[in-house]
Amino acid sequence: MDLFLQYVGLGVTSVFMGADGALQSLPALMVLVGVLVGILIGAVPGMSGPFAMAIALPILVSIFGYGNDALYPVLGCLLGIMKGATVGGAVPAILFKTPGTPDAFLTTLDGYPMARKGQGRKAIQTAHFASVMGDNFSDIVLFIAAPAIAVAVERILGLPEKSALIILSLCFMAAVVGRAPLKGLIGGLLGMFVSLVGSTMSGNGPRLTFGIPELGNGLPLTSAVLGVLVISEVLISIEEMHDARKVDAPPPTRPEMGPRLTWAERARMLPGILRSATIGTVIGALPGIGTTTAATLSYDTAKRRSKTPEAFGQGTPDGVVATEAANSAVSGANLIPVMSLGIPGNFAAVFIILAVETIGDFSFGPQVFQFTPIQEIEGFDTILNTNLVMAFGMFTMMVMANLFNWTLGGVLMGFLGHLVRIPKELMLPVILSVSLTAAYVQDGGYLGLLTAGAFALIGYALRRLRISILPFVIGFLLAPTLEGLVRGAFTASGGDALFLFKSPIAVGMLACSAFLLVRMVRQARGA
Amino acid sequence: MKKSLLIAVSMLALASPAFAEWQPDGPIRLWIGYGAGGGTDVQGRTLAKEIEARRGWKVVPENKAGEDGTVMSAQLKSEAPDGQTLGFAITTTYDFAPMNSDNLSPEDFTYITTTAGSQMAVLARADSGWETLEDLQAAAAGGEQIVWANWGTQVEAGAELVARGLDISVNHLRTQGGKGALNALVSMDANVGWGGGVQKPLVEAGVLKILASAEATPVALDPAKPTLKDMGIDLNLGYQYIITAPDGLPDEIRDEIGAVVAEILADPESETRQFIEKQYPPAPIVTQGDALREQILATYASNIEMMKAFAQ
Amino acid sequence: MTGRPGETAECRPPVGRWNLWIGLGTLAFVALCLLVWFPRDIGSGFLQTNLTGRTVPGDSFFPILLVGLMVPLAALLILSQLGAKRGSGGEEVGRVTLGNLGFLGRALLLTAASLLVMNWTGPALVGLTNALGLTDFSGYRAASASFPFDVSGFFVGGTLMTCGFIRTTCHRLRKRHVLIAAAAVAVMILIFDGLLDNIQLPPNADL
């Protein structure tokens with residue numbers, strides 16, 4: 001217990017003190033910047049948190065570099081964006097019925113009618129309160145669950161089980177994302193396949209490179225993810241704007257804001273928030289199920305259990321509470337599989353994992369939560385598990401982001417309605433240029449730029465063919481790990497062809513994967 | 001040996017102003033054969049900064065990671081040998097890796113200077129209770145399954161040589177880089193592993209133990225442990241960090257760049273030197289010019305012999 | 001960035017048998033990989049004998065496993081399309097139209113042209129100042145670390161590309177748009193080249 005508290009203390013202070021013991025404000029400042037950017041981005045229709053994180057990551061890395069000191073500022077900013085965006089998305093959804101982020105879509109159902117009834121201020125404050133409460137709730141679950149799961153997993157899982165776990169996660173993800181699970185799974189395999197281009201583990205020289213020496217280290221990760229996620233989406237939006245005849249929509253009128261939310265009303269919301277946040281947290285901890293599912297499920301549950309179900313959809317604060325608390329609770333919980341297993345379950349988690357793995361000597365996974373005894377060695381250094389300190393530092397920054405969300409978020413949300421609409425038709429071309437430049441700058445010149453371009457085309461095709469992108473991206477990220485595990489399990493078993501089926505846990509996981517597959521096929525047949 | 005090196009370094013440092021003739025035409029690109037953020041990267045970047053400060057040349061570091069520097073080298077060899085494109089990798093890249101590659105040969109490069117050396121050691125978890133290779137041997141003889149983590153063909157061959165020397169049977173686990181091998185050890189996927197230098201914090205924390213040194217001398221972290229040679233296993237897996245250029249680099253450019261590096265590494269105030277002293281103790285290793293070239297070619301030849309022995 | 005609920009739920013007109021083509025395309029890709037690409041571009045086979053005479057996975061072990069898994073999935077996709085009624089539930093169907101390809105072609109052309117301009121502006125500027133006697137560089141490579149030559153290509157090419165895409169979204173290009181594009185690129189130069197060290201804007205990392 002002492003050791004635990006020592007590590008928590010070190011983690012908290014590491015955010016405020018640099019390696020040399022001097023006070024530093026940079027991480028805190030970057031969390032603040034991230035929250036502000038996130039709230040603004042969230043409020044812009046067509047932009048979402050992961051979108052902003054994708055563009056921010058290479059730029060932040062260019063600014064702060066790859067050293068160990070760079071992790072907190074970069075990670076802090078990304079976490080801030082992630083959390084800020086969950087709050088910001090609700091404002092335009094309530095005031096103008098245009099959700100700022102996809103997960104705020106359901107907030108329009110009750111938020112917009114409330115605004116029409118002259119309760120805009122109350123609706124926004126309800127969304128803010130529910131959102132931040134939900135977020136905090138899931139963070140607390142994360143702080144407890146991630147170490148617990150990690151410690152358990154590290155005891156139980158060997159190489160075959162870890163391989164099976166990744167296979168199961170991918171199957172699960174394909175099964176739950178989108179309405180085309182079979183294609184999703186093929187996309188996931190394709191994602192894994194393209195990540196194999198380049199280096200090999202056997203030292204026999206590069207593979208699948210078409211003889212291009214630059215590809216010998218594989219495709220640059222950040223550029224590839226930027227291309228498939230952001231640039232392809234931007235291309236599609238640009239195309240839609242190009243095809244659309246020019247309609248000058250009248251500037252949306254801002255409705256009457258009405259009274260404030262009272263503390264008594266807030267108190268009455270708490271049971272609803274707790275229920276919705278629990279739903280969001282459980283959903284968020286599973287890979288692949290997004291905020292939209294969490295919000296839908298929570299909204300339906302709230303409606304079913306309400307004494308006045310007919311009020312839902314007519315502008316009841318309970319509806320806003322149900323969606324906002326749930327979709328915000330996803331963001332903390334989706335870091336549980338990331339921190340304890342190293343498996344990302346959604347796009348926001350992808351960027352957190354990319355940042356941690358590429359910057360400094362940190363990595364996620366079960367080894368993070370090993371409580372190495374802290375020893376001080378004379379004339380040298382203190383010996384400890386730096387990954388663990390990093391984890392607690394990350395938790396600290398999440399708490400800070402929550403504080404900023406509580407205070408500044410509330411103030412800022414009141415003003416967002418005043419913001420001039422940022423013209424999307426100018427913003428998207430600029431985003432495209434920034435993304436391509438970031439890819440070039442960050443990932444080895446034209447190699448990065450061309451990778452981003454090629455992956456943008458892949459992403460475009462996937463989107464047009466209605467193949468969900470998440471399994472592709474996760475497959476792309478996890479394939480090298482999976483190859484290492486599978487090869488390792490095979491070799492360490494002494495070349496047993498059935499190496500994956502020797503442990504009951506692995507067999508159980510593979511059986512679950514097979515079950516999911518059967519379900520997908522039945523769904524595909526339209527049964 | 002060490003003393004003579006230091007003397008050589010200081011002599012080069014004294015002699016260097018005489019060479020200060022060559023001036024690059026525009027920026028020098030220093031291609032670092034490893035990813036950003038690692039120890040090699042930090043060393044390369046600090047060195048680039050200090051070369052810039054000493055000579056006023058503009059040195060731009062770029063990361064070209066992959067396969068222990070071979071990806072970078074494959075691109076480097078077709079660049080112009082004008083001293084304005086340099087590579088930074090390890091000697092293994094040139095004295096072992098070309099064996100398995102169709103497009104690399106040790107003859108493709110000009111070898112400018114080494115900077116620092118590795119701390120290759122055989123590692124085990126502290127809770128295994130093993131202190132020496134004999135303990136490992138006894139455990140294997142007692143029926144324990146030995147899984148040895150490595151990151152490349154050369155070190156895997158080395159592990160097999162050790163296993164043969166100890167007359168035990170070992171399963172090899174290939175991991176991603178030196179850090180991967182450590183992770184495999186810590187998370188109990190392997191029970192023995194190689195470490196080239198990254199093991200330092202874990203050894204000091206008491207999580208891992210050094211069983212033997214795979215250098216010519218005992219490693220600085222645990223000087224009490226014998227070398228493999230002491231154990232009767234003729235194997236030296238030590239490597240040095242090295243600056244290279246494409247083949248055909250004129251000698252005066254080679255010597256001028258080598259002189260700057262030697263000057264920096266001989267300066268106790270230099271950031272690079274301090275980094276090396278901490279990360280790759282005890283001190284910089286500077287071998288240059290023809291001597292370095294001979295070292296690379298000789299090691300390459302002996303490595304080919306070693307692998308031939310396996311093929312039989 | 002997952003699809004909005006409204007987007008997936010909306011009724012789509014019948015769009016042909018794209019899922020069938022995806023399935024067949026996947027099978028063709030697998031065949032191409034196994035028969036042509038892998039044998040030529042992977043150094044070792046499915047299994048290989050390592051130094052110690054033991055059998056270990058080769059470099060094509062995992063790739064073959066992956067494309068192998070694609071076969072049953074693609075087959076299932078094809079079968080499910082043949083069996084299912086059109087327009088009924090099941091796998092969602094997407095499509096790529098000729099219009100889409102035309103747009104992509106134009107976007108690629110625009111990007112490629114901008115990159116070419118990006119590559120040529122620097123050398124052209126160096127040639128110009130050399131001819132005017134202002135500078136004495138041996139070429140762009142020698143000038144690629146000195147302002148304003150190092151950012152000239154990026155500025156012109158980047159502005160061109162941004163303007164091109166603004167023209168696409170707005171259907172016209174006003175002076176205001178050009179200014180915004182140039183300002184955006186200038187801000188990027190300020191951040192990447194002005195504030196940060198060791199950052200190479202295009203095309204300077206590929207000389």
Side-chain angles (χ1 to χ4, degrees), chain A residues 48 50-51 62-63 102 105 178-180 182-183 185-186 189 192-193 196 200 202 204-205 207-210 229 233 235 238-239 241-242 246 290 292 347 425-426 428-430 432-434 437 440-441 444-446 449 453 457 460-461 464-466 483 486-487 490-491 495 521 523-526, chain C residues 1-6 8 18 22 26 41-44 54-59 61-63 66-67 69-70 73-74 76-77 80 83-84 88-96 100 103-104 107 111 158 161-162 165-166 168-171 177 180 184-185 188 192 196 199-202 205-206:
Chain A
S48 62
F51 209 97
S62 318
I63 294 176
F105 178 79
R179 309 203 316 151
L182 271 182
K183 280 190 288 181
L185 208 50
I186 294 179
L189 287 174
M192 295 181 110
F193 178 74
L196 299 183
T200 58
S202 64
N204 290 325
R207 66 180 159 187
L208 304 173
T209 58
F210 300 105
L229 227 54
E233 171 80 33
L235 278 178
I238 288 183
E239 185 180 7
M241 279 183 228
H242 177 67
K246 184 97 178 148
T292 313
F347 288 132
E425 62 270 18
L426 295 182
L428 288 178
V430 170
L432 192 65
S433 302
V434 172
T437 310
Y440 184 97
V441 161
Y446 281 127
L449 196 148
L457 294 183
Y460 183 93
R464 285 284 178 219
L465 295 173
R466 304 264 152 188
E483 178 172 24
V486 168
R487 289 176 59 121
F490 183 84
T491 326
V521 175
Q523 193 185 334
R525 294 189 67 91
Chain C
M1 249 170 297
T2 46
R4 289 179 208 174
T8 46
W18 273 93
I22 293 175
T26 307
D41 215 0
I42 300 186
S44 55
R54 245 171 296 206
T55 308
V56 295
D59 288 337
F61 181 78
F62 200 57
L66 281 186
V67 297
L69 281 174
M70 284 183 194
L73 289 174
L76 286 171
L77 188 65
S80 70
S88 69
E91 289 265 322
E92 204 180 351
V93 185
R95 70 196 299 207
V96 176
N100 295 145
F103 168 79
L104 281 185
T111 314
M161 185 165 85
T162 316
F165 280 108
I166 290 182
T168 314
T169 53
C170 295
H171 302 100
H177 295 156
I180 288 175
V185 177
M188 274 193 273
F192 285 124
L196 306 174
I199 295 286
Q200 310 245 55
L201 281 170
D206 298 86

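Letters A, B, ... are given to chains in the order of the sequence lines, protein chains preceding strands, and every chain is numbered from 1.
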Could you tell me which residues satisfy side-chain hydrogen bond (donor to acceptor under 3.5 Å, both in side chains) with A/Thr209, sequence neighbours excluded, listed by chain and number? none
Relative to chain A, which of C/Ala184, C/Pro63, C/Gly158, C/Ala107 shows the most heavy atom pairs under 4.5 Å? C/Pro63
Okay, C/Leu77 and chain A: the region with an atom under 4.5 Å from a heavy atom over there is both
Output yes when a side-chain donor or acceptor of A/Lys183 lies under 3.5 Å from a complementary backbone atom of A/Leu465, and no otherwise. yes
Under a 4.5 Å heavy-atom cut-off, does chain A meet the side chain of C/Val67, its backbone, both or neither? side chain
Taking every heavy-atom pair that is under 4.5 Å apart, which of A/Phe490, A/Tyr460, A/Tyr440 has the most such pairs with chain C? A/Tyr440
Heavy atoms only, distances under 4.5 angstrom: which of C/Phe165, C/Phe103, C/Phe192 has the most pairs with chain A? Name it, please. C/Phe103
Is there a side-chain contact between A/Ser433 and C/Met188 in this structure, where contact means two heavy atoms from C-beta onward sitting under 4.5 Å apart? yes
Measuring heavy-atom distances to chain C, does A/Leu196 have an atom under 4.5 Å in its side chain, in its backbone, in both, or in neither? side chain
Ranking C/Asp206, C/Leu73, C/Ile42 by heavy-atom pairs under 4.5 Å to chain A gives rank one to C/Asp206
Are the side chain of C/His171 and the backbone N or O of A/His242 linked by a donor-acceptor pair below 3.5 Å? yes
Looking at C/Asp59, is its backbone amide N or carbonyl O close enough to the side chain of A/Arg207 to form a donor-acceptor pair, meaning the two atoms are under 3.5 Å apart? yes
Check: A/Arg487 side chain, C/Pro57 main-chain N or O, donor-acceptor pair, under 3.5 Å: yes
C/Ile199, part contacting chain A, at a heavy-atom distance under 4.5 Å: side chain
From the list A/Ile238, A/Leu208, A/Leu185, the residue making the most non-hydrogen contacts under 4.5 Å with chain C is A/Leu208
Please look at A/Leu449 and chain C and tell me whether the side chain, the backbone, both or neither of the residue comes under 4.5 angstrom of a heavy atom of that chain. side chain
